[in-house]
Amino acid sequence: MPVVSPNDEKVIAELAQSTSFSADEIRNMQDNFNKLAASKKDDGLIDKDEFKEMLSNQGNSAFVDGLFRMFDADSDGFIDFKEFVVSLSIYQNKNKNITEEGKLKLLFKIYDVDQDGEISRSDLVSVLKSCLESNYLSLMNDSIETLVDATMKKHKLSANGGIDFAEYTKAFSHRAAICL
C-alpha cells in the first residue's frame with residue numbers, strides 16, 4: 001500500500017465525514033483511483049478515456065458520457081479523487097449531504113445528452129441505445145422509437161418539445177433514492 005501523505009489523510013477524513021464510507025474504504029478507493037488515473041497518463045486525474053476504460057466501454061456512448069458528466073462535478077473534463085468518492089457515495093446512497101433535488105440534477109445530467117437543459121427525443125434515443133449496447137443488447141429501431149414516443153407522451157413537454165428539469169422532477173422525485 002502506498003504511503004498516504006498527511007494532506008491525503010485530511011481529505012480522507014473529510015470524505016469519511018461527508019459519506020458513510022469508512023476511512024479504510026476510502027483508502028482502498030484511493031488506491032484504485034490512483035491505478036485508474038495512471039492507466040493512460042499518470043496525472044492523478046481520470047480523463048474520459050480512462051473512465052471509459054474503467055467501464056470497459058470503447059467508442060461513443062451517450063450513457064457513459066452522461067455518467068462522466070455526473071462524476072466531473074466541476075465540468076473541467078477530469079475527475080479528481082474527491083469527485084470520484086463523492087459521486088460513488090451519491091451513486092451508492094452513502095452521501096450524507098446531497099438532497100433529493102441534487103440527486104435528480106445528477107440523473108438529469110446523464111439524460112441531457114446535448115446539455116441544453118432539456119431531455120429531447122434524440123437524447124432519449126441516444127441514451128437508450130447506449131444503455132442497450134453497453135449491456136450487449138439490442139432492439140430494432142422501431143421498438144426504440146416506440147419506447148421513446150411512449151415516454152415522451154407521458155410527460156408535459158416544453159415549448160421545444162423536451163422534458164425540462166421541472167417536469168423531470170415531478171415525474172421522478174419519488175424515485176430519486178432508488179434511481180442512483
| request: Taking the side chain as every heavy atom from C-beta outward, state whether Thr19 and Ile26 have any atom pair closer than 4.5 Å. | output: yes
| query | Where the side chain of Asn160 meets the backbone of Gly162, is there a donor-acceptor pair that is under 3.5 Å apart? | reply | no
| query | How long is the span from the NZ atom in Lys48 to the CD1 atom in Ile46, to the nearest 0.5 Å? | reply | 14.0 Å
| remark: Here the gap from Asp24 atom CG to Gln30 atom CD, rounded to the nearest 0.5 Å, amounts to 12.0 Å
| field | Contact summary for Val127 and Phe63, nearest pair of heavy atoms | value | CG1-CD1, 4.2 Å
| Can you name the nearest heavy-atom pair linking Asp114 to Ser120, along with the distance? | OD2-OG, 4.3 Å
| request: To the nearest 0.5 angstrom, please state how far the CD atom of Glu25 sits from the CG atom of Leu15. | output: 12.0 Å
| request: Could you tell me which non-hydrogen atom of Ser18 sits nearest to which non-hydrogen atom of Asn97, and how far apart they are? | output: CB-ND2, 3.3 Å
| query | Are any non-hydrogen side-chain atoms of Lys103 and Phe172 less than 4.5 angstrom apart? | reply | no
| Taking it one step at a time, do Met54 and Lys35 satisfy side-chain contact (heavy atoms from CB on, under 4.5 Å)? | CA-CA 10 Å; Met54 174 182 80; Lys35 288 175 193 166; over 6 Å; no
| Single-linkage hydrophobic cluster, 4.5 Å side-chain cutoff, Leu106 and Phe78 together | no
| task | Return the orientation label for the Phe68 and Phe51 ring planes: parallel under 30°, perpendicular over 60°, tilted otherwise. | result | perpendicular
| field | Ionic contact status for Glu9 with Arg27, cut-off 4.0 Å | value | yes
| note | Tested for side chain to side chain contact (heavy atoms under 4.5 Å, CB included) against Asp123, the lone hit among Leu128, Val148, Val113, Ile110 is Val113
| Shared hydrophobic cluster for Met70 and Phe81 (ILVMFWY, side-chain gaps under 4.5 Å) | yes
| Is there a side-chain contact (heavy atoms from CB on, under 4.5 Å) between Lys96 and Ser20 once you walk through the steps? | CA-CA 7 Å; Lys96 297 176 183 175; Ser20 297; 4.1 Å; yes
| CG/Asp112 to CG/Asp116 distance, rounded to the nearest 0.5 angstrom? | 5.0 Å
| field | Pair Leu147-Leu139, side-chain contact (heavy atoms from CB on, under 4.5 Å): steps then yes or no | value | CA-CA 10 Å; Leu147 283 170; Leu139 283 176; 3.8 Å; yes
| Does Leu45 offer a backbone N or O that forms a donor-acceptor pair with the side chain of Asp80 under 3.5 Å? | no
| said: Is the ring pair Tyr111/Tyr168 parallel, tilted or perpendicular, if the boundaries are 30 and 60 degrees? | reply: tilted
| Residue pair Asp72, Glu83: steps toward the side-chain contact (heavy atoms from CB on, under 4.5 Å) verdict | CA-CA 6 Å; Asp72 181 19; Glu83 288 173 320; 3.6 Å; yes
| message | Closer than 3.5 angstrom, by distance alone: can the side chain of Glu167 be matched with the main-chain N or O of Asp164 as a donor-acceptor pair? | response | no
| query | Once you round to the nearest 0.5 Å, how far does CE of Met152 lie from CD1 of Ile119? | reply | 8.5 Å
| task | State, to 0.1 Å, how close Ser130 and Ser61 come at their nearest heavy-atom pair, and which atoms those are. | result | OG-OG, 2.7 Å
| Point-to-point distance, once rounded to the nearest 0.5 Å, from CG of Leu124 to CD of Glu145 | 10.5 Å
| query | Linking I/L/V/M/F/W/Y whenever any side-chain heavy atoms sit under 4.5 Å apart, do Met140 and Ile144 land together? | reply | no
| field | Ser89 backbone acceptor or donor facing Asn95 side chain under 3.5 Å | value | no
| Lys109 side-chain N/O to Arg69 backbone N/O, donor-acceptor pair under 3.5 Å | yes
| message | Please check this pair: side chain of Glu53 against backbone of Leu36, looking for a donor-acceptor N/O pair closer than 3.5 Å. | response | no
| field | Heavy-atom pair of closest approach, residues Glu118 and Ser158 | value | OE2-OG, 2.6 Å
| remark: Minimal heavy-atom distance between Asp49 and Lys40, with the atoms involved, is CB-CE, 4.0 Å
